[in-house]
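One is the number of the first residue; the rest follow in order along the sequence. Basis for what follows: all heavy atoms, side chains included, without hydrogens, waters or symmetry-related copies. Predicted, not measured: the structure shown is a model, and the values here were computed from it. In each ligand, atom 1 is the first atom listed, and ligand 1 is the first ligand listed.
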Amino acid sequence: MKEACGVFGVYAPGGPVAQLTFDGIYALQHRGQESAGMAVSDGETITVVKDMGLVATVFDERTLSGLHGHLAIGHTRYSTHGSSNWNNAQPAYRPVGRAGFALGHNGNLTETETLIERAGMLPGMTASDSDVVAGLLARAFPEAAGDPADGELAGAIEAVIPGLAGAFSFVLMDASHLYGVRDPHGFRPLCLGRLGPPDRPEGWVLASESPALDVIGATFVRELAPGEMVTIGAEGVRSRQLFGDDQVADRLCIFEFVYFARPDTRLHSREVHGARRRMGELLARQAPVDADMVMGVPDSGVPAAEGYAREANIPYGQGLVKNRYIGRTFIDPDQQARVNAVRRKLNPLHENIDGKRLIVVDDSIVRGTTTRAIVGMLRDAGAVEVHLRISSPPFRWPCFYGIDTPTRDELLAAHRTLPEIERYLDVDSIAYITLESLKEAIGADNVGFCDACLTGHYPVKVPVTFTDHPLESQPGQPAAQGNGVEPTERRDEILQGALPGV
Ligand code: SF4
């Protein structure tokens, strides 16, 4: 299971925007390792640099020193819809208007075929939904001129974005303004930060996750609301709601808390690490078992393992060492290749494991190939019992909102009972946290989440042509209504902290 992109944007007249963007997307590297890029505007020209590879391999001091401006966006990509090649690396750029515009996207649209038609593109002309959105915006550009204070691109965003369905957190820019937009369900995170003091802001920042603000010295201001668009320029920050009340519903991906987000990220005013630790504590209450040591599968299983150990009063120990220098340099096409990849990535600590009854805590099981390989390694290293505890409920349905998951038939828990899963994984026992406990651990009361891959309740309808007919196989379960495609009322709200003109 892989994340699907990190986005970043900064508006900071007089600031080193290229360096800030580098630092921001470097902090978001975990969200995508296939390609990296940034677009920088000096007010007249937008320059785009992007390439395949990790942030630190795409950009060096020389590249950054040639990128000057007051405004930039950045992107790290993992492909879910669209192949992994240079053309699909982002930001995507279109040369329309005064200096063109650029966009970076995190998420997955669910009606791409309709959008391709609407954009006047031919099938095969485009390979990613982000490219389709860039095409739609470029088409809307000449007719959609809005208030000049909002920048050239604002009108096109307002005309196009309310017609999109699915998951999207966008950062966009024209020559003079930075924009951020979140889909009406808020599937993917996007937050706003400030550079400088509240009464004299020196710049504004948008980022998928709050650590990207921390690393550049920005202060977290707030998360963008589902359906919200922010426009950032010399006038400050302006916020609008692009969708109607009936279309907006908070459905942040629950797996951001379980697995995707960095532990130091703040979501719904909570730090992810604490939520993961509480998942372990609740799992220990829900599924206790006698053992000699609790260990986590690095990295995202570790906080839950610490919580489990503390609650169960069983010593916590390290059982696996992770090679931190493995990037996504190869594709894992089959089972054996995936098993080999696990061996390259994780190695057991024999002295800690030999002769022990282990409780092994991990965040999720998707296909089961990796988990089975890990259990095999631990048994080979001398574990006498392996009790698996998973800090998410069984993953039974594919994700269509920007996370790369296999088809339903490939998901371990889709059609198997717990004893069958135990046998397949060769464990002495297995327990998954319940959805109620998972939500309790997150502790964000009165907030909705997307949990479609756990429950099959998809907040946005997925066309059956999209993939392997995920909604058809839910007898008695009506598909959730998709977003309307009519542009809806626009509500202007605030102006925050004006900046000196550029
Ligand atoms: Fe997240 Fe699962 Fe919803 Fe996809 S289906 S957005 S992985 S909760």
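- A distance-only check finds no donor-acceptor pair linking the side chain of E311 to the backbone of Y308 [under 3.5 Å].
- Every atom of ligand 1 is numbered from 1 in the order shown, and the set under 4.0 Å from a heavy atom of C450 is 3 (Fe), 5 (S), 6 (S), 8 (S).
- Here is the list of ligand 1 atoms found below 4.0 Å of a heavy atom in I403: 7 (S).
- If you number the atoms of ligand 1 from 1 as listed, the ones under 4.0 Å from a heavy atom of A452 come out as 5 (S).
- Heavy-atom neighbours of Y93 OH from other residues, nucleotides or ligands within 6.0 Å: above the threshold of 12.
- In this structure R270 satisfies the side-chain hydrogen bond (donor to acceptor under 3.5 Å, both in side chains) test with no other residue, sequence neighbours excluded.
- Each side-chain hydrogen bond (donor to acceptor under 3.5 Å, both in side chains) pair with one or both residues in residues 295-305, not counting sequence neighbours, appears once here: D299-K322, D299-R324, S300-D363.
- No donor-acceptor pair under 3.5 Å is formed between the side chain of S437 and the backbone N or O of T434.
- Under 4.0 angstrom from ligand 1, there are no non-hydrogen atoms of H185.
- Taking backbone and side chain together, C253 holds an N, O or S atom under 2.8 Å from atom 1 (Fe) of ligand 1.
- Counting backbone and side-chain atoms alike, C453 contributes no N/O/S atom closer than 2.8 Å to atom 4 (Fe) of ligand 1.
- A donor-acceptor pair under 3.5 Å is formed between the side chain of R188 and the backbone N or O of Y401.
- Ligand 1 has no atom lying under 4.0 Å from any heavy atom of E256.
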